[in-house]
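Remarks on the structure that follows.
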Amino acid sequence: SALLRRPRQLGRALAPLNRWHEEGPACVLDVAVTVEAIASARSEGLAWQPCLRPRRQPWLELQLVFDGSPSMALWQRLRRELPRLLAQEVRWRDLRCWQLLIGANGTVTLADLRGRPCAPRRLRQRSDRSLVLVVSDAVAPVWYQGAMPELLQGWAAVQPVALLELLPQRLWLRTALAEQPAGWIRSTTPMRPHGQLAWQPLEGGPPEAAPGGAAPWLTLPVLQLQPEFLGAWARLLVGSRQGSALTYRFALPSPGSSQPSAAAEAEAPNTEDLLAVFLFTASARARKLLALLTFAPVITLPIVRLLHGRMLEPLGAEAVAEQAEVLFSGLFAPATAASAKPIPVDQQLLTFVDDQLLPRLREGLLIWEARAVFDRVQEFVLQSLNLSQVQFEALLLAPEQCERHPDQPLLRAFATAAPSRLRGLGGRYEALAEELEQRWLQVQRGELVAIETWLDGLEEVQAVFETAQLVEVPPLELVRF
């Protein structure tokens, strides 16, 4: 199903931006005014001439910028759906899409959707007809370190810039927004940069006037894919008294200094604290999804989407938000060691940080649900490896064959995790768990004896065979009857 489930309502919320603007020389015939001029001139016996007006164009142009951090892989479909929605529901003078690439050293680079780097000044336009909308979940380290706010401030100094936060408000405590002061802004002047507006702190107190010079912070309105947020922001842009926006102030790094990441400053929380925070803040469907994943022998992003869609049947953007609740909980860690060659996000294997949490997470889960999880994950792996179930189980029970297989990390992770996932499910599941545990325990002890296959023991022989021979055929004679 589509991520954006209420496109008409979102379009109506942005309706105040559907304005026309006249620009350029008078070159378009104004029919109504010309007709009135002709009638007036004839009644008075005077000559008449056509009335021209400047060409009408849509009022605004939009620069839509997508965060390119790894966590945004959950929202890949939004890169197609959001521009299509905005182009259909709002008249734009121009609509262009960009992305922000995150470097290994924490740098942020502007690029087009094909990955070609561009200068950030291309989006810096001193005009009252241009705005920038950044689409992100605000969980990447560059949001904490100051690199992202510093880049956005270069645009926000001369034009309106806003953040479209993809995570629901209940998850903002897990983003960079949790550490920033919040407030409200209002304006009666259309298209004023948000940093030039008075700021009303959320916790109360008198409004703070905008600083006269360069501000040491970025004033960033934060929106959601909801008509209430988008409608209030649209009214703010047109200068309506009913317009307002929830904003956050991001401190900018001082010149010549680097702001340490929040992860480096804060002490790493233990597993019990992470679990307590998740159980307290997560939705019921997110808790159910986490419980289902405890019976998955391997966990990847496609498998999370598979189990979520097949067993919980979510709808719209809320489905991705529930997946984000689980994956950003801190209860998962990479299952494979880091390598020099980057692994695509969809292929990264995950595992629970502590298997002792599994019994507690499984409380309330029915046995048929646990079996369904294992069967669907196994079916997904079979399709990806193009194997039958018999071939797959035979391969798992031959560790030496798994080690030589091109998909060795996937097979090894499946075989070593499956016994703990299959315990207590009974029947063939319990039997498979016993066999896998016995075979792979011998691998860990170094006691494994190679299983001979039908290829083992055969002698390799090189021979030359004649596969074709040219034969001369006499020409055919024409015979008349």
message = List the residues meeting side-chain contact (heavy atoms from CB on, under 4.5 Å) with Ala39, not counting sequence neighbours, and say none if there are none.
response = none

message = Checking Leu274 now: which residues fulfil side-chain contact (heavy atoms from CB on, under 4.5 Å) with it, not counting sequence neighbours?
response = Pro269, Leu331

remark   = Residue pairs passing the ring-ring contact (aromatic ring centres under 6.0 Å, His included) test with at least one member in residues 124-143, sequence neighbours excluded, are Trp143-Phe250

For residues 295-311, which side-chain donor-acceptor pairs fall under 3.5 Å, sequence neighbours excluded?
| unit_1 | atom_1 | unit_2 | atom_2 | d |
| --- | --- | --- | --- | --- |
| Thr300 | OG1 | Ile303 | N | 3.4 |
| Arg305 | NH2 | Ala73 | O | 2.9 |
| His308 | ND1 | Gln323 | NE2 | 3.1 |
| His308 | NE2 | Glu322 | OE1 | 2.7 |

inquiry  = For Phe414 and Phe374, take the angle between the two ring planes, folded into 0 to 90°, and tell me which bin it lands in: parallel under 30, tilted 30 to 60, perpendicular over 60.
reply    = tilted

ask   = CG of Leu327 to CG of Leu350: how many Å apart, nearest 0.5 Å?
value = 7.0 Å

query = Among all residues two or more places apart in sequence or in another chain, which pass the ring-ring contact (aromatic ring centres under 6.0 Å, His included) test with Phe332?
reply = Phe352

Which donor-acceptor pairs under 3.5 Å do the side chains of residues 204-233 make with protein atoms, sequence neighbours left out?
| unit_1 | atom_1 | unit_2 | atom_2 | d |
| --- | --- | --- | --- | --- |
| Glu208 | OE1 | Arg249 | NH1 | 2.9 |
| Gln224 | NE2 | Glu165 | O | 3.4 |
| Gln224 | NE2 | Leu167 | O | 2.6 |

query = In chain order, what residues pass the salt bridge (Lys or Arg N to Asp or Glu O under 4.0 Å) check against Arg8, with sequence neighbours excluded?
reply = Glu89

ask   = Who passes salt bridge (Lys or Arg N to Asp or Glu O under 4.0 Å) against Arg360, sequence neighbours left out?
value = Glu272

message = According to salt bridge (Lys or Arg N to Asp or Glu O under 4.0 Å), who are the partners of Arg96, at least two apart in sequence or on a separate chain?
response = Asp94

ask   = So which pairs with a foot in residues 106-115 pass side-chain hydrogen bond (donor to acceptor under 3.5 Å, both in side chains), sequence neighbours left out?
value = Asn105-Thr107, Asp112-Arg116

request  = Nearest 0.5 Å please: distance from the CG atom of Leu425 over to the CH2 atom of Trp368.
outcome  = 13.5 Å

Which pairs of donor and acceptor atoms, one on a side chain in residues 183-199, lie under 3.5 Å apart (sequence neighbours left out)?
| unit_1 | atom_1 | unit_2 | atom_2 | d |
| --- | --- | --- | --- | --- |
| Ser187 | OG | Thr189 | N | 3.1 |
| Ser187 | OG | Thr189 | O | 3.0 |
| Arg192 | NH2 | Gln196 | O | 2.8 |
| Trp199 | NE1 | Thr247 | OG1 | 2.8 |

query = Who are the side chain to side chain donor-acceptor pair (under 3.5 Å) partners of Glu363, not counting sequence neighbours?
reply = none

